[in-house]
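What follows is a single structure, written as C-alpha cells, with notes after it.
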Amino acid sequence: MTSSDPLRDPARCKELLAQIEESVKGSTLRFMEVCGTHTVALFRSGVHSLLPKSVVHLTGPGCPVCVTHESEVAAYLELAGKEGVIIATFGDLMRVPGPGGASLKKAHAEGARVEVVYSPFDALAIARDNPGDKVVFLGIGFETTTPTVAATVRIARQEGLKNFLVMPFHKLVPPALDALLSDPDMAVEGFMLPGHVSAIIGMEPYRPLAERYRIPAVVAGFEPVDLLQAILLMAEMKRQGKPKVINNYKRVVADEGNPKARAIVAEVYKPVDALWRGIGTIPLSGLGFTDAYRAYDAFEVLGVELKASKPLPGCRCGEVLKGIMRPDECPLFGKACTPAQPVGPCMVSTEGSCAAYFKYQIDLNSDR
Ligand code: SF4
C-alpha cells in the first residue's frame, strides 16, 4: 500500500475506519457484498479483518460459477462426450463437481471434447474450424459477461454459422437481491453493489429495492478506500434511517449504465425464470433466447432439458451463497474440501467465498 495512490492511502483508510466505528457504535450491522471480486478485494486488502466486530460483512451470491445450479451442471455434463459435440468453457467450470463426482475435467480425461476458452469469441473460432461438430459455449455469468456472449451470437448469425450454440445459464443480479430480501431467513441490512455489473445495468434496476425493502445499497469500486467508503455510507444511511441507492463508483459506473451493451443483449436474449444454487427458481432472473435467435440455443437444438438434480452431498454452498452460513462453518471446510480437492463450487472458483476464506486464511474464530 502506498500513500501516493489516494484510493490506497493508509491514513485515509484509518480515518474511514474510525468513522465507521463511530457510526456503528452500539449496534451490529450485517452487510453483504454481491460480487465475487468484492469478496476477494475485501480479503486481499485486509479491510475485512480491520472492520469493527460490530460490522458483519457477509459474502453473497456474487460468484457466477457458484450460483450455477446443480441441474445446470448436470445438463452440460450430459452433453460432454456426446458424439459430434465440443464443449467450450471458461476454465473455472472444469472442476465444478456434478452428480456422482462427475466434472468436465473428468469427462475430458475420459475422451470428451472440452476446450477451455478465454472469451466466447474463441468458441466461435473453434466452431469455424470444426464445421462438422456442434460447439456448445457454456454461457455462465452475470450482466457483465452477457453482452459479449450476445455479440458473439450476433456474429455467428451474420456469418451464417449454424454449429455455434450457447447454453444460456446467464443470471441477473437485481432479481436475486429481491429474492434474498424476500427470504425471512435473511437479515441483511445493506448491500455493497457490484461495480462491473452496475457499469452495464446502471442504477435504475436497484431503486425499487431501496424503496420496497428500505435497505441502503452502495455501488462500490475495488480499492481499499472504495470499500471503506461504501461501508461507511451504508452505516450512515442505517444510522439516519434514510436508505438510498448510491453510486459511489462514478469513475467507472454511469448512472444510466451502458445502453449500447444492453441493446445487444435485448436483441438476443429475453428475461426468463432461472435456477440459482441454494436459492431455487427466481422469477425473471435469467436469460433465454429471443425467437430470432432460437437456432443458437443448445437446449433446443440438441434436445437437452434441465432435470431435477440433488445438491452435492455434505456441501453447504447454498447456505454460504445466501449469507446464512460462513464458509468456515461448513463441516467440510479445509478438511474434506480444499481448493485442491473441492467438494462444492464455492471452493473451485477464485471468486468463490469458500476459496477466498481458504486462500486468505480468515480468522476462523472471528465472529464476522
Ligand atoms: Fe461446499 Fe466446500 Fe464450501 Fe463446504 S467448504 S460449502 S463443501 S464448497
Side-chain angles (χ1 to χ4, degrees), residues 6-7 9-35 38-39 41-42 45-62 173-195 197-199 201-257 322-324 366-368:
L7 293 172
D9 179 15
R12 179 72 184 124
C13 289
K14 224 169 156 184
E15 199 178 278
L16 285 164
L17 276 165
Q19 288 172 336
I20 291 170
E21 195 138 5
E22 186 58 32
S23 181
V24 299
K25 222 174 226 171
S27 57
T28 297
L29 296 178
R30 290 163 59 87
F31 298 140
M32 176 182 269
E33 83 270 0
V34 281
C35 165
H38 274 146
T39 304
L42 281 159
S45 63
V47 166
H48 189 278
S49 53
L50 290 171
L51 288 172
K53 286 213 182 315
S54 47
V55 176
V56 180
H57 221 287
L58 307 162
T59 58
V173 169
L177 301 186
D178 202 334
L180 285 177
L181 290 170
S182 321
D183 186 332
D185 289 342
M186 290 295 302
V188 173
E189 290 156 292
F191 280 123
M192 183 181 283
L193 296 171
V197 164
S198 305
I201 67 175
M203 301 303 292
E204 212 39 54
Y206 301 123
R207 302 219 189 276
L209 297 175
E211 282 156 24
R212 198 174 313 142
Y213 300 102
R214 294 198 47 77
I215 189 157
V218 180
V219 174
F222 301 91
E223 297 296 344
V225 167
D226 289 324
L227 302 169
L228 290 165
Q229 277 177 339
I231 294 166
L232 178 60
L233 282 167
M234 288 190 284
E236 277 297 288
M237 284 192 269
K238 199 70 199 158
R239 190 177 67 78
Q240 295 168 10
K242 290 181 183 166
K244 277 192 294 188
V245 180
I246 294 177
N247 179 2
N248 201 48
Y249 194 32
K250 284 191 187 273
R251 66 184 188 277
V252 170
V253 176
D255 284 358
E256 68 277 17
K322 284 164 78 176
I324 53 181
S366 149
D367 52 7
R368 292 192 182 108

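You'll find the side chain of Leu193 reaches within 4.5 Å of the side chain of Val245, heavy atoms only. Considering only heavy atoms from C-beta on, Leu16 comes within 4.5 Å of Gln19 through its side chain. At least one side-chain heavy atom of Val34 sits under 4.5 Å from a side-chain heavy atom of Pro61. In this structure, Pro52 and Ile20 have side chains that are in contact, with non-hydrogen atoms separated by less than 4.5 Å. Leu181 is not listed as a side-chain neighbour of Arg212, based on a closest heavy-atom distance of 4.5 Å or more. Contact check for Asp255 versus Lys250: side-chain heavy atoms found under the 4.5 Å cut-off. For the pair Val218 and Gln229, the minimum side-chain heavy-atom distance is 4.5 Å or more. Looking only at side-chain heavy atoms (C-beta outward), Cys13 and Val225 come within less than 4.5 Å of each other.
Between Pro208 and Pro205, the shortest heavy-atom distance links the atoms CD-O, 3.5 Å. For Ala235 against Val24, the heavy-atom pair with the smallest separation is CB-CG1, 3.8 Å. Annotation for Met192 and Ala220: closest pair CG-CB, 3.8 Å, computed over non-hydrogen atoms. Residues Val173 and Pro194 share a closest heavy-atom pair of CG1-CG, 4.3 Å. Nearest heavy-atom pair across Met234 and Pro216 is O-CG, 4.0 Å.
Taking NZ from Lys238 and CD from Glu189, the interatomic distance works out to 4.5 Å, rounded to the nearest 0.5 Å. Leu227 contributes atom CG, which lies 12.5 Å from atom CG of Leu232 (distance to the nearest 0.5 angstrom). Note that CE of Met237 and CD1 of Ile215 are 10.0 Å apart. Values are rounded to the nearest 0.5 Å. Between atom CG of residue Asp183 and atom CG of residue Asp178 there is a gap of 11.5 Å, rounded to the nearest 0.5 Å. Put simply, CG on Leu233 and CD1 on Ile246 are 4.5 Å apart, with the number rounded to the nearest 0.5 Å. Taking CG from Asn248 and CD1 from Ile231, the interatomic distance works out to 11.5 Å, rounded to the nearest 0.5 Å.
Just one of His48, Glu33, His57 meets the side chain to side chain donor-acceptor pair (under 3.5 Å) condition when paired with Thr39; it is Glu33.
Scanning for side-chain hydrogen bond (donor to acceptor under 3.5 Å, both in side chains) contacts around Arg214 gives an empty result, with sequence neighbours left out. In this structure, the ring-ring contact (aromatic ring centres under 6.0 Å, His included) partners of Tyr249, at least two apart in sequence or on a different chain, are Phe222. A search for side-chain hydrogen bond (donor to acceptor under 3.5 Å, both in side chains) contacts involving Ser182 returns Tyr213, not counting sequence neighbours. Remark: Glu21 pairs with no residue by the salt bridge (charged side-chain N to carboxylate O under 4.0 Å, His left out) rule, at least two apart or across chains. Every residue two or more places apart in sequence or in another chain was checked for a salt bridge (charged side-chain N to carboxylate O under 4.0 Å, His left out) with Arg30, and none qualifies.
Applying the salt bridge (charged side-chain N to carboxylate O under 4.0 Å, His left out) rule to pairs touching residues 216-232 yields Arg8-Glu223, Asp226-Arg251, sequence neighbours excluded.
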